[in-house]
Amino acid sequence: MNPDIRQENEEVDLSVVVPVYNEVESLKPLYHRLQEVLDKMDQSYEVLLVDDGSIDGSLEKMKSIHVENNRFKIIQFRRNFGQTAAIAAGFRFARGKVVVTIDADLQNDPQDIPSILEKMEEGYDVVSGWRKNRHDQFLTRTLPSMCANWLISQLTGVHLHDYGCTLKAYTRDVVKNIDLYGEMHRYIPALASWLGVSVAEVPVTHHSRKYGRSKYGLCRLVRVLLDIIALKFLLSYSTRPIQVFGLVGLVSTGLGFLISLYLAVQRLFFDRPLADRPLLLLGVLLIFVGLQFISMGLLGEMTVRTYHEAQNKPIYFVKRIID
Ligand code: UDP
Ligand code: MG
């Protein structure tokens, strides 16, 4: 089916997006638990199982689930594109007024969906699950995650205890207006803060992984750190790069200029030779680095304009127009 035709189909109350990468054993139990919870809720729903290039027979399992209950739909990727891509695809094809994301490995509990939706009804745009009692290895998973959560909260002003929990709910407005790249699925509430949304948190249960294994190793730590830098930049300066790069550039050039001036005065008026002074190197370096930063800012300004104008993407987000 042409995916874009699907978007025009009628709306449902709730879309559940599940990224699936080699989770063959947990799919059936997940299906039963999801179905049980969703059927009880008296809302029209769809479940989008996004097969992220699984090679363990997950797709066949999903097909049999779809045959049993056609509200469970499958989006099949051609290869493994990563969890962020899977979630982005779910967002794109979701028809729900509210969209919930949940892991396929049953570490999140479908039983928590109703309480999350209840919170949404209070008027929030994003409700995030908080794995208060986390069942992952402390040193390699929970502790780094605590540090990352603290850092992201400080930098973005969106204070959440648990960014990493996939179980979250979003309004349609949020999912249709957010662009995900890299591994940014972890930071959707922070990214959405740019849209001016209200965010709430609800404690959820967390189980240890029963089937299969985690798709992430320790090198996630470095990637998360780099992503946080990108996130801060995108949120604060993406529409005015010259203000960041330019500032650094000006400070550096200024400092370099002062150092060089000081050395020049000493050389010209007090006859101090320049050859044995390492400070000269620093001065020259600072001037060059500074000029480079300023040009980087200018290039950034051009890129921003291309980015927004090429896609007709405004630099603001309208909630409604009262006419
Ligand atoms: N996942 C995915 N594509 C990937 C890696 C993971 O769709 O490339 C899915 C995976 O199947 C699971 C969810 O993303 O449903 C979270 O992955 P995982 O449980 O390995 O992460 P962890 O809980 O260890 O942080
Ligand atoms: Mg998991």
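Worth knowing before you read on, the calculation uses all heavy atoms, side chains too, and leaves out hydrogens, waters and symmetry mates. One-based numbering, in listed order, for ligands and for the atoms of each.
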| said: My understanding is that we take every heavy atom of each candidate and find the minimum distance to atom 6 (C) of ligand 1. Doing that for Arg220, Arg131, Lys215, which one comes out nearest? | reply: Lys215
| query | Can you name the nearest heavy-atom pair linking Val304 to Thr239, along with the distance? | reply | CG1-CA, 3.9 Å
| remark: among protein heavy atoms, the one nearest atom 1 (N) of ligand 1 is Tyr21 CB, 3.7 Å
| Angle class for the Phe233/Tyr237 ring planes (parallel below 30°, perpendicular above 60°, tilted otherwise)? | tilted
| request: Scan Arg172, Lys97, Arg71 and name whichever one has a salt bridge (Lys or Arg N to Asp or Glu O under 4.0 Å) with Asp13. | output: Lys97
| remark: Heavy-atom proximity to atom 16 (C) of ligand 1 ranks first, among Asp103, Thr166, Asp52, Val18, for Asp103
| remark: shortest atom 17 (O) of ligand 1-to-protein heavy-atom contact is with Tyr216 CE1, 3.9 Å
| field | Phe81 six-ring centre to Arg79 NZ/CZ under 6.0 Å and within 45° of normal | value | yes
| message | The criterion is side chain to side chain contact (heavy atoms under 4.5 Å, CB included); which residues satisfy it with His32, sequence neighbours excluded? | response | Lys28
| said: Any nitrogen or oxygen of Arg213 lying under 3.5 Å from a nitrogen or oxygen in ligand 1? Just yes or no. | reply: no
| task | Return the number of protein N, O or S atoms with a distance to the Mg ion (ligand 2) smaller than 2.8 Å. | result | 2
| query | Considering Asp105, Asp136, Leu106, which one's heavy-atom position lies nearest to atom 19 (O) of ligand 1? | reply | Asp105
| Sub-4.0 Å atoms of ligand 1 with respect to non-hydrogen atoms of Val20 | 7 (O), 11 (O)
| Shortest protein contact, atom 23 (O) of ligand 1 (heavy atom only) | Gln107 OE1, 2.9 Å
| Does Val47 reach the side chain of Val18, with side-chain heavy atoms less than 4.5 Å apart? | yes
| task | Indicate whether any N or O donor in one side chain lies under 3.5 Å from an N or O acceptor in the other, for Gln107 and Arg131. | result | no
| Residues Ser145 and Asp162: side-chain donor-acceptor under 3.5 angstrom | no
| said: Between ligand 1 and Ala104, is the shortest N or O to N or O distance under 3.5 Å? | reply: yes
| Is any side-chain N of the basic residue among Glu36 and Arg33 closer than 4.0 Å to the acidic one's carboxylate O? | no
| query | With no hydrogens and no angle check, do the side chains of Glu46 and Ser15 hold a donor and an acceptor under 3.5 Å apart? | reply | yes
| query | Can you find a side-chain donor-acceptor pair between Ser208 and His135 that sits under 3.5 Å? | reply | no
| message | Which residue is it: Arg209, Arg213, His207? I am looking for the one with a side-chain hydrogen bond (donor to acceptor under 3.5 Å, both in side chains) to Asp105. | response | Arg209
| query | Taking both backbone and side-chain atoms of Ser214, is any N or O found less than 3.5 Å from an N or O belonging to ligand 1? | reply | yes
| note | ligand 1 atoms nearer than 4.0 angstrom to some heavy atom of Arg209 are 18 (P), 19 (O), 20 (O)
| query | Out of Gln83, Glu23, Arg141, who gets a non-hydrogen atom closest to atom 14 (O) of ligand 1? | reply | Gln83
| field | Protein heavy-atom partner closest to atom 9 (C) of ligand 1 - residue, atom, separation in Å | value | Pro19 O, 3.7 Å
